[in-house]
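In what follows, a structure is listed as structure tokens, so that the remarks can point back to it.
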There are 2 protein chains.
Amino acid sequence: MNDISPPRKRRNAGRVTLNDVARQVGVSALTVSRFFNHPERVSQALRQRIGEAVSALGYVPNLMAGSLASARSRIVGMVIPNISGPIFADTIQAFSDTLARHGHQLLLASSYFSLEQEENAVRTFLGWSPAALVVTSHFHSESTEKILAEAEIPVVETWDYQPGRAPIQVGFLHYDVGVMAARHLLDKGYRRIAFVLNSAVGDFSALERRAGYGDTLQAAGLESWSFAPSAECVPFEAGKQAMESLMKEARPPDAIIFANDNLAAGGLLTARRMGLRVPDDCAVMGFGDYAFSGMLLPALSTIRPPARLIGEIAALRVLESLSVIPSTTPLQRLNRLECELVEREST
Amino acid sequence: MNDISPPRKRRNAGRVTLNDVARQVGVSALTVSRFFNHPERVSQALRQRIGEAVSALGYVPNLMAGSLASARSRIVGMVIPNISGPIFADTIQAFSDTLARHGHQLLLASSYFSLEQEENAVRTFLGWSPAALVVTSHFHSESTEKILAEAEIPVVETWDYQPGRAPIQVGFLHYDVGVMAARHLLDKGYRRIAFVLNSAVGDFSALERRAGYGDTLQAAGLESWSFAPSAECVPFEAGKQAMESLMKEARPPDAIIFANDNLAAGGLLTARRMGLRVPDDCAVMGFGDYAFSGMLLPALSTIRPPARLIGEIAALRVLESLSVIPSTTPLQRLNRLECELVEREST
DNA sequence: TTGTATGCGTTATCAG
DNA sequence: CTGATAACGCATACAA
């Protein structure tokens, strides 16, 4: 009697595997593996035949298995405050494209400026044994810092530049942006310059920009002051609120620096509705150079961050760290990029 | 003599594993596994102790190993034309957020409207044994169609609605958008209405919008004609080019429908520079309702697609298909959403 | 409610 | 240049 119950395959029975290809060609699975990872170590003849078998069978390498075995993946995790805002999308796009060009994939999560959400994302990503991790700014929770330090993979911080930290930095000094904005307005002759903070809580970078503004005004012997909109507001409304409130003061400002272009747009349109002339009655300055900024009336003066460049360079640094591409000698841990002053009609 | 050479650990020696946790607690690895996947099947007392051990040891589940063993992952791949354009970012954001709320991660790639790049992305994603795949529109290469059909995982098509196809659809009929735009202009009394195509090649959805416009005009006994900008142009420049060219014709249009708001913005500003009054000399209509559209002068009339909703519903359909959340009875394969006419000053 | 044995598909190690 | 074998860390089927 044939009592040997057939060794039932338990799970993923359908999938074409490395072994199937190997059997088809008549070589060992290992050779097929090499065909993908080190083609130069496989003889020309075999390469040809394996290539044919692969496409004939429609074999797709199981990256899970490969990553498990080699303890490294071609996934790079990125945590960024948001995707749909006008400012980070370019960074994500450039980052993703550069990564893809070199066979790596982007795992994406947004933090909404929340340190806690960032930590969650980092923790989850780590479960995927990512090849590298990219975060935004140098503001993290203590646990996140610890996790990143112990991760033993390349870590890149974007949209910021902070010498003295372990991770690779790709960005700029927000403090300098504040200085740049203040200097521009001082040069133009404005003297009562206010700063409007972001309504999004957790945007610590905006605080650094304000610090740059504050110090510059102080150095010029001028008074600095800032307005903090209600936290519930969407940025556009917050800008409106700021403009109305500031212009009602006993001694209103003759220029306002907004933490970003959304706020500035709200302020700009509100000023016009209030019958104020911009920039004659009050100059307006933003940050970000969003798509609409040049189309406003008057066109908004602002500071343009190198959003795409940040994404691209961050990706290159990651790939260099992984030795996927040759390192630009030496691997610079600090990549200071420049923001550009875009002077238009509102100042 | 003790000749037994120590079984040298070969690779990932440092990592804390399920076994480490199990040993610490004094249970089997399986119980710890259950702690994560089926907490309700673990006794209260053990749950407590395992939880403590997990955080004490800083254990992070290796999702690669888990996915390999179970042949399914918590990764969902999304291929979308672009990330940084103003129109898809909201969809990505909503999709990612909804996914994250239910413990799934987003693997993202952009196709730039290229069928080939889309196919590459899909192929690569499949190597990760994704839980599901989301693509944009119903336009794919034949191979992509085949791959998706054979993938045996939920597939969702977004930004489109095409009855009669296998994948779940979440979107709207672009044809209807063309009809809506044309009707709006006809209602307002315009009679010589032109259509400006997108400069991005591969944007087939824009062609469907034009078809809707064309049929509507024909039904009204009116002539329809369209302008195709040079393919190299960025959209804003293409809009400028279109406006200049169309208004130079012997019988210029009295209204123009642009394939999207970027083009429309270019056209609008150009019209003003040419000394034309909008909408008196020529009405302008866009598609997308980008962030700047309401801030233009005159404010742009346009059609607003449900970008966020598409992302959210696509995610929900994916999660339902995976039985991660209860299915809204029955699992509708077709999810027709509505676009909204946003009438402002330019029509 | 908990444990034992086994396999997921690939790559590292070491040998030829 | 090619191959046999043992991991990688976890989840499934089945048993207790």
Side-chain angles (χ1 to χ4, degrees), chain A residues 5-50 54 57-75 126-129 131, chain B residues 5-23 25-50 54 57-74 126-129 131:
Chain A
S5 59
R8 216 175 353 150
K9 280 195 183 171
R10 300 197 321 191
R11 300 196 272 261
N12 203 15
R15 179 162 201 154
V16 179
T17 79
L18 211 52
N19 277 303
D20 297 327
V21 179
R23 205 173 309 125
Q24 171 100 354
V25 181
V27 295
S28 82
L30 190 35
T31 305
V32 181
S33 169
R34 270 196 279 259
F35 168 82
F36 285 103
N37 300 316
H38 308 281
E40 74 282 0
R41 292 186 206 161
V42 176
S43 65
Q44 181 63 45
L46 273 183
R47 213 142 55 183
Q48 171 77 19
R49 288 170 51 205
I50 293 176
V54 164
L57 294 172
Y59 168 67
V60 177
N62 184 327
L63 301 177
M64 298 277 172
S67 305
L68 176 59
S70 65
R72 59 197 151 69
S73 74
R74 298 192 144 204
I75 282 182
L126 239 34
W128 289 109
S129 310
Chain B
S5 59
R8 214 175 353 148
K9 279 195 185 170
R10 301 199 319 190
R11 301 197 271 257
N12 204 15
R15 178 162 202 153
V16 179
T17 79
L18 210 53
N19 277 304
D20 297 327
V21 179
R23 205 173 309 126
V25 181
V27 295
S28 83
L30 182 42
T31 305
V32 181
S33 170
R34 271 196 280 258
F35 169 81
F36 285 102
N37 301 316
H38 308 282
E40 75 282 2
R41 294 188 205 160
V42 176
S43 65
Q44 181 64 44
L46 272 183
R47 213 142 55 183
Q48 170 77 21
R49 288 170 53 205
I50 293 176
V54 164
L57 293 172
Y59 169 69
V60 177
N62 184 328
L63 302 178
M64 298 278 174
S67 305
L68 177 59
S70 64
R72 58 195 153 71
S73 72
R74 300 192 143 202
L126 239 33
W128 289 109
S129 310

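First the proteins, then the strands, lettered A, B, ... as listed; each starts at 1. Quick caveat: nothing in here was measured; it's all calculated off a predicted structure.
Side-chain N/O atoms of S70(A) include none lying less than 4.0 angstrom from OP1 or OP2 on dT10(C). For the OP1/OP2 pair of dC8(D) and a distance below 4.0 Å, the side-chain nitrogens and oxygens of S67(A) include no atom meeting the criterion.
For S28(B), the listed nucleotide lying nearest its side chain is dG3(C); candidates were dT10(C), dA4(D), dG3(C). If you check dT10(C), dC10(D), dC1(D) against the side chain of Y59(B), the one that comes closest is dC10(D). The R34(B) side chain lies nearest to dG3(C) when the options are dC10(D), dG3(C), dG3(D). Across dA12(C), dT2(D), dA11(D), the shortest atom-to-atom separation from the side chain of L18(B) is found for dA11(D). For L68(A), whose side chain is taken as the heavy atoms from C-beta onward, the closest listed nucleotide among dC8(D), dC10(D), dT11(C) is dC8(D).
The nearest whole Å value for the distance from the CG atom in L63(A) to the P atom in dG9(C) is 13 Å. We find that CG of N37(B) is positioned 7 Å from P of dT12(D), with the value rounded to whole Å. Rounded to whole angstrom, the span from the CG atom of N19(B) across to the C1' atom of dA5(C) amounts to 13 Å.
Closest-nucleotide positions on DNA chain C for S33(A) and E40(B) were compared, and the one nearer the 5' end corresponds to E40(B). Toward the 5′ end of DNA chain D lies the nearest nucleotide of A65(B), the other residue of the pair H38(B) and A65(B) mapping further downstream.
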Show your working on ring-ring contact (aromatic ring centres under 6.0 Å, His included) between Y59(B) and F35(B) and close with a plain yes or no. CA-CA 13 Å; Y59(B) 169 69; F35(B) 169 81; 9.4 Å; no
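Closest heavy-atom contact between L57(B) and V21(B): CD1-CA, 3.8 Å.
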